[in-house]
Trainee: 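Can you read through this structure? Questions will come right after.
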There are 2 protein chains.
Amino acid sequence: MTAAESPGAADEVAGVLVALADPTRRKLLDLLAARGEVSATTLAEGLPISRQAIVKHLAVLDAAGLVSCTRVGREVRYALRPAPLDATARWMASVAADWDRRLATIKRVAEAAEQQAGQSRPPAQ
Amino acid sequence: MTAAESPGAADEVAGVLVALADPTRRKLLDLLAARGEVSATTLAEGLPISRQAIVKHLAVLDAAGLVSCTRVGREVRYALRPAPLDATARWMASVAADWDRRLATIKRVAEAAEQQAGQSRPPAQ
DNA sequence: CTTTGATGCAACTCGATGGTTGCACAACCT
DNA sequence: AGGTTGTGCAACCATCGAGTTGCATCAAAG
């Protein structure tokens, strides 16, 4: 269980990664960050795609926990939810650190082996 | 240019996000982290999919800069490349921080407005 | 030189996904 | 009541992407 901080973290992260992989979804998050609580129709005004498409994207973002919606009268306001993004950032940093560690170890071992080989026998490859 | 540290960072990040969105690709990176430099065929032995599929995934990872390949005789060894992951982690953390900032501001403004409203007229909702 | 094992390329299947349109329904405003 | 306006639902289309198979190719070993 390397580079994992809490059980089930990988699951949460997976959803966030999928959600962030789409440029339209990133744009959407951008707009939400800029304008606070906004309805889907309002979001649609600033984008070249239909409201329905946006609703679907918002559903994905909601499933990833990156967004939450509250009903206000007949409209539905969507708002940012930074926590999962932060968690994913931490997860990613930890994975990167893990890789660095492993690569350093591998390099060290390789050098040791080469040293060893140089003293006893000709290079294997 | 909010939450961006260097020009063109978003482009690099996009590739990494797409690459990481696929679970098979993540598994692949995991294997590479565990076993160092490995060829596609070797990777295929530990996974339930064909070598060709793996090669395609490795191509995506390579395009994202997460992996590099070097030819050794007749085989091609793939190795991890942590830098883009680290960059993406930083980008993500910076975006998360930006969101927090904005949300805090919005909340502050909302509270001020409510305060204002509370002094002159009864609560709107 | 022949065989063996690894790679590269291309065509194909098929499910997921981004996007659209049309319509029904609920809520707001006169 | 009656007309707007915003949502939700469902069908539908097109494309992308993951995966497969088959074959050609090229380096290494005999």
Side-chain angles (χ1 to χ4, degrees), chain A residues 11 13-32 35-79 122-125, chain B residues 11 13-32 35-79 122-125:
Chain A
D11 279 356
V13 160
V16 174
L17 290 176
V18 170
L20 291 182
D22 185 84
T24 304
R25 239 125 52 194
R26 289 197 297 273
K27 181 70 178 177
L28 229 30
L29 291 172
D30 233 38
L31 287 179
L32 280 179
R35 312 175 53 167
E37 286 207 327
V38 194
S39 76
T41 1
T42 308
L43 257 342
E45 287 167 4
L47 288 179
I49 61 179
S50 76
R51 172 187 64 94
Q52 290 300 336
I54 293 191
V55 170
K56 287 190 190 178
H57 282 305
L58 287 172
V60 175
L61 292 172
D62 181 53
L66 287 168
V67 131
S68 70
C69 55
T70 54
R71 179 138 221 150
V72 177
R74 72 179 158 189
E75 71 180 26
V76 177
R77 306 270 180 79
Y78 291 84
Q125 197 155 49
Chain B
D11 279 356
V13 161
V16 174
L17 289 176
V18 170
L20 290 182
D22 185 84
T24 303
R25 238 126 54 195
R26 288 196 298 272
K27 181 70 178 176
L28 228 31
L29 292 172
D30 234 38
L31 286 179
L32 280 179
R35 311 176 51 170
E37 285 207 326
V38 195
S39 77
T41 356
T42 307
L43 288 183
E45 288 167 4
L47 288 180
I49 61 179
S50 75
R51 173 187 63 94
Q52 289 300 336
I54 294 191
V55 169
K56 286 192 190 177
H57 282 304
L58 287 172
V60 174
L61 292 173
D62 182 53
L66 287 168
V67 130
S68 69
C69 55
T70 55
R71 180 139 220 151
V72 176
R74 72 180 158 189
E75 72 180 25
V76 178
R77 305 270 180 78
Y78 290 85
Q125 198 162 46

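Letters go in sequence order (proteins before strands), and every chain restarts at 1.
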Trainee: Return the minimal non-hydrogen interatomic distance between A/Leu58 and A/Ala40, and the atom names on each side.
Mentor: CD1-CB, 4.1 Å
Trainee: Can you measure B/Lys56 atom NZ to C/dT13 atom P for me and round it to whole angstrom units?
Mentor: 13 Å
Trainee: What heavy-atom pair brings A/Asp62 and A/Ser68 nearest, and what distance separates the two atoms?
Mentor: OD1-CA, 4.1 Å
Trainee: How long is the line joining CG of A/Asp22 and P of D/dG17, in whole Å?
Mentor: 11 Å
Trainee: At under 4.0 Å, does any side-chain N or O of B/His57 touch on OP1 or OP2 of D/dG19?
Mentor: yes
Trainee: Any sub-3.5 Å donor-acceptor pair from B/Arg26's side-chain atoms to B/Leu20's backbone N or O?
Mentor: yes
Trainee: Which residues in residues 42-52 of chain B have a heavy atom closer than 4.0 Å to any atom of DNA chain C?
Mentor: B/Arg51, B/Gln52
Trainee: Return the value, rounded to whole Å, for the distance between atom CG of A/Leu58 and atom C1' of D/dG8.
Mentor: 14 Å
Trainee: Could you tell me the separation between the CD atom of A/Glu75 and the C1' atom of D/dG8, rounded to a whole number of Å?
Mentor: 15 Å
Trainee: In this structure, which one of B/Leu28, B/Leu31, B/Val76, B/Leu43 forms a side-chain contact (heavy atoms from CB on, under 4.5 Å) with B/Val38?
Mentor: B/Leu43
Trainee: Write down the distance between OH (A/Tyr78) and P (D/dG6), rounded to a whole number of angstrom.
Mentor: 15 Å
Trainee: Can you check nucleotides 26-28 of chain C for protein contacts, nitrogen or oxygen pairs under 3.5 Å, and list what you find?
Mentor:
from	atom 1	to	atom 2	distance (Å)
C/dA27	N3	A/Arg74	NH1	2.9

Trainee: Using a heavy-atom cut-off of 4.0 Å across all strands, would you classify A/Arg25 as base, sugar-phosphate, or nothing?
Mentor: sugar-phosphate
Trainee: Quick one: is B/Thr24 getting a side-chain N or O under 4.0 Å of the D/dG19 phosphate, OP1 or OP2?
Mentor: yes
Trainee: Between C1' on D/dG8 and CG on A/Asp62, what's the gap in Å once rounded to a whole number?
Mentor: 15 Å
